[in-house]
Protein chains: 2
Amino acid sequence: MAAVSKRKRTASKTAPRTTPREPAVRASRASTKRPAKRSSAGGGLTAERIRDEALRLIDAEGLEAFSTRRLGAALGCEAMAIYWYYPSKDALLDAVVEALISRLPVEPSTPGDWIDAFRKLAHGYRRLAHRHPNAFALLATRRFATEGTYRFLDGLFEMARHAGLDDRQTARFYRLVSSFCSGVALNELAGLRDADRVASSPELEAEALAAREAFPRLASVSSWLEPSHFDDVFDFGLELLLEALQRAPHASGVPAGRGRAKRA
Amino acid sequence: MAAVSKRKRTASKTAPRTTPREPAVRASRASTKRPAKRSSAGGGLTAERIRDEALRLIDAEGLEAFSTRRLGAALGCEAMAIYWYYPSKDALLDAVVEALISRLPVEPSTPGDWIDAFRKLAHGYRRLAHRHPNAFALLATRRFATEGTYRFLDGLFEMARHAGLDDRQTARFYRLVSSFCSGVALNELAGLRDADRVASSPELEAEALAAREAFPRLASVSSWLEPSHFDDVFDFGLELLLEALQRAPHASGVPAGRGRAKRA
DNA sequence: GTGTTCTATTTTACATCGTAAAGGAACCGG
DNA sequence: CCGGTTCCTTTACGATGTAAAATAGAACAC
């Protein structure tokens, strides 16, 4: 966590920020004493409630439309109230990412079958993209940088170790599979969004038709690029990766420098 | 192109937009008559100059910091002048995407070797990510929806046809390779950005250290996740895909429904 | 010449954004 | 009752994207 404040935009915002008084940095403080009780109705603000509502809003109205003020309105409080629980909008979005990630199944469904666990995980990731299309760009774009995401990765890597993979192979396949999954999902989401857009505007439809005529090859291939074939592509690619993973679990296939795992 | 205006944010902005008077929609009008001549110095505004400067600015200061006002300042004009050439910031970004895409090599370096052409293309794409890290997210996130990008795809698919791939395989591998490339590149860029951030802040550094202790598996794997190993991962994954591509060029390996190409 | 029209740009204005800073209001242990 | 802590609101500032109108110069009509 920690207050990072993204990038300072123009490097000359206002003041040098001298730790104002130490507001709220840690995300879930409510548990240290008693949860909350003020304002009888649903007013009880907590970091979790804010985060959940943020996700709900993003799902409902898109990432672009999401703002602290709108979130405040949805929560029944002023926008600035959020800043008691999160140091910035950015940090809140990190928390949303964390919440999504932690829903993924890290354990294999059948204990020994770690390839299957990887597969399940990949499918879970993809399911996330489908369930939260608007929030998914966050996952693909932001670095995993919170405790929960660390825990997720640690669990995953622990599983890989039990499967006998050395660290290098683990790293490699983690990168490969996760890159592949986000790549496919982003592609897919972009395609869906675009299909939406075109369908909702006659002029864009006409334009698409014209493009189809001007570029015949594009036209004939693009029927295979439609949403209905996404599953096919995803499974094909994923199985390709998993096969390779199964094929060469221990050995390192490239020069390498003896940085092996400590366990057999 | 066409004025799309993104999504209307809240669905209740201001007025219903009744085609104000028909300002500028088509991107490059300067060529129809004479380029321009007003304002002796470097003032000559054109769609191309705006787009190029936009890319330069994004490269230099990041996507977040990019705004029409700053672009105007860089060009020596008011922000609104841009709107004569592009209907929206969104459309301008589309043009930037197009400019980047059209730099990729679609032709194979040795005429017959189409696998090599795919490889070159993938490496070119990755090089783009390296050369324009700040602009790259645009490529991965936005749909290819301009004439230039259509042309690019048409050229690519034409090449695939010459290589003997049917439309289904073409579509499949296009999606696979492009998804893979953007996924890896995004991952890579996020990693680099994060390494930057951590290196520039002692408290984040301490935090990272603590995480390393709390999650031992993460720590030992993550040395293999460092930037120095990106090339390795990319090549490994790409060759995996290309091998599969070479292995099964024509046949469709799944049930399929006879929706084949009309051309031999 | 004097309009008038077209093209390119500036000016002005508005709603919205993230968030710093300060000011309550409710609770606390004394 | 009092000072402190905790949580939330108010107010304010400097951005943002862009609609709308004003404006300046070039090109054409007469």
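Here the structure is a predicted model, which means the values were calculated and not measured. A, B, ... follow the sequence lines: proteins, then strands. Residue 1 opens every chain.
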Atom pairs, N/O to N/O, protein against nucleotides 12-14 of chain C, distance under 3.5 Å?
none

How close or far is atom [atom2] of [N] from atom [atom1] of [X], stated in whole angstroms?
| X | N | atom1 | atom2 | result |
| --- | --- | --- | --- | --- |
| A/Ile50 | C/dG18 | CD1 | P | 14 Å |
| B/Tyr86 | D/dG17 | OH | C1' | 17 Å |
| A/Tyr83 | C/dA20 | OH | P | 7 Å |
| B/Leu75 | C/dT9 | CG | C1' | 13 Å |
| A/Phe66 | C/dT19 | CZ | C1' | 14 Å |
| A/Leu92 | C/dC17 | CG | P | 15 Å |
| B/Lys89 | C/dT16 | NZ | P | 18 Å |
| A/Arg49 | D/dC8 | CZ | P | 9 Å |

*Sub-4.5 Å side-chain heavy-atom contact between A/Pro133 and A/Leu192*: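 Not touching, per the 4.5 Å side-chain cut-off.
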
Residue [X], side-chain atoms from C-beta onward, closest of [options]:
| X | options | result |
| --- | --- | --- |
| A/Leu45 | D/dC8, C/dT19, D/dT18 | D/dC8 |
| B/Trp84 | C/dT7, D/dT18, C/dG18 | C/dT7 |
| A/Tyr85 | C/dT10, D/dC8, C/dG18 | D/dC8 |

*asked:* A/His130: which residues meet the ring-ring contact (aromatic ring centres under 6.0 Å, His included) condition with it, sequence neighbours left out?
replied: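 Testing A/His130 for ring-ring contact (aromatic ring centres under 6.0 Å, His included), a comparison that skips the adjacent residues, returns none.
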
*Sort and list the pairs that fulfil ring-ring contact (aromatic ring centres under 6.0 Å, His included) and have at least one residue in residues 57-78 of chain B, not counting sequence neighbours.*
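For residues 57-78 of chain B: none.
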
*Inter- and intrachain pairs under ring-ring contact (aromatic ring centres under 6.0 Å, His included), touching residues 177-201 of chain B, at least two apart*: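 Every pair satisfying ring-ring contact (aromatic ring centres under 6.0 Å, His included) with a residue in residues 177-201 of chain B: B/Phe180-B/Phe234.
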
*Which residues satisfy the side-chain contact (heavy atoms from CB on, under 4.5 Å) test with B/Arg69, sequence neighbours excluded?*
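Testing B/Arg69 for side-chain contact (heavy atoms from CB on, under 4.5 Å), a comparison that skips the adjacent residues, returns B/Ser67, B/Ala79.
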
*Partners of A/Thr68 by side-chain hydrogen bond (donor to acceptor under 3.5 Å, both in side chains), sequence neighbours excluded?*
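Counting only residues at least two positions away or on another chain, A/Thr68 forms no side-chain hydrogen bond (donor to acceptor under 3.5 Å, both in side chains).
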
*asked:* Taking any heavy-atom pair under 4.0 Å as a contact, classify B/Ser67: base, sugar-phosphate, or nothing.
replied: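 Counting heavy atoms under 4.0 Å across all strands, the contact made by B/Ser67 is with sugar-phosphate only.
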
*Is the closest basic N to carboxylate O distance between B/Arg151 and B/Glu147 below 4.0 Å?*
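A salt bridge is present here (some side-chain N lies under 4.0 Å from a carboxylate O).
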
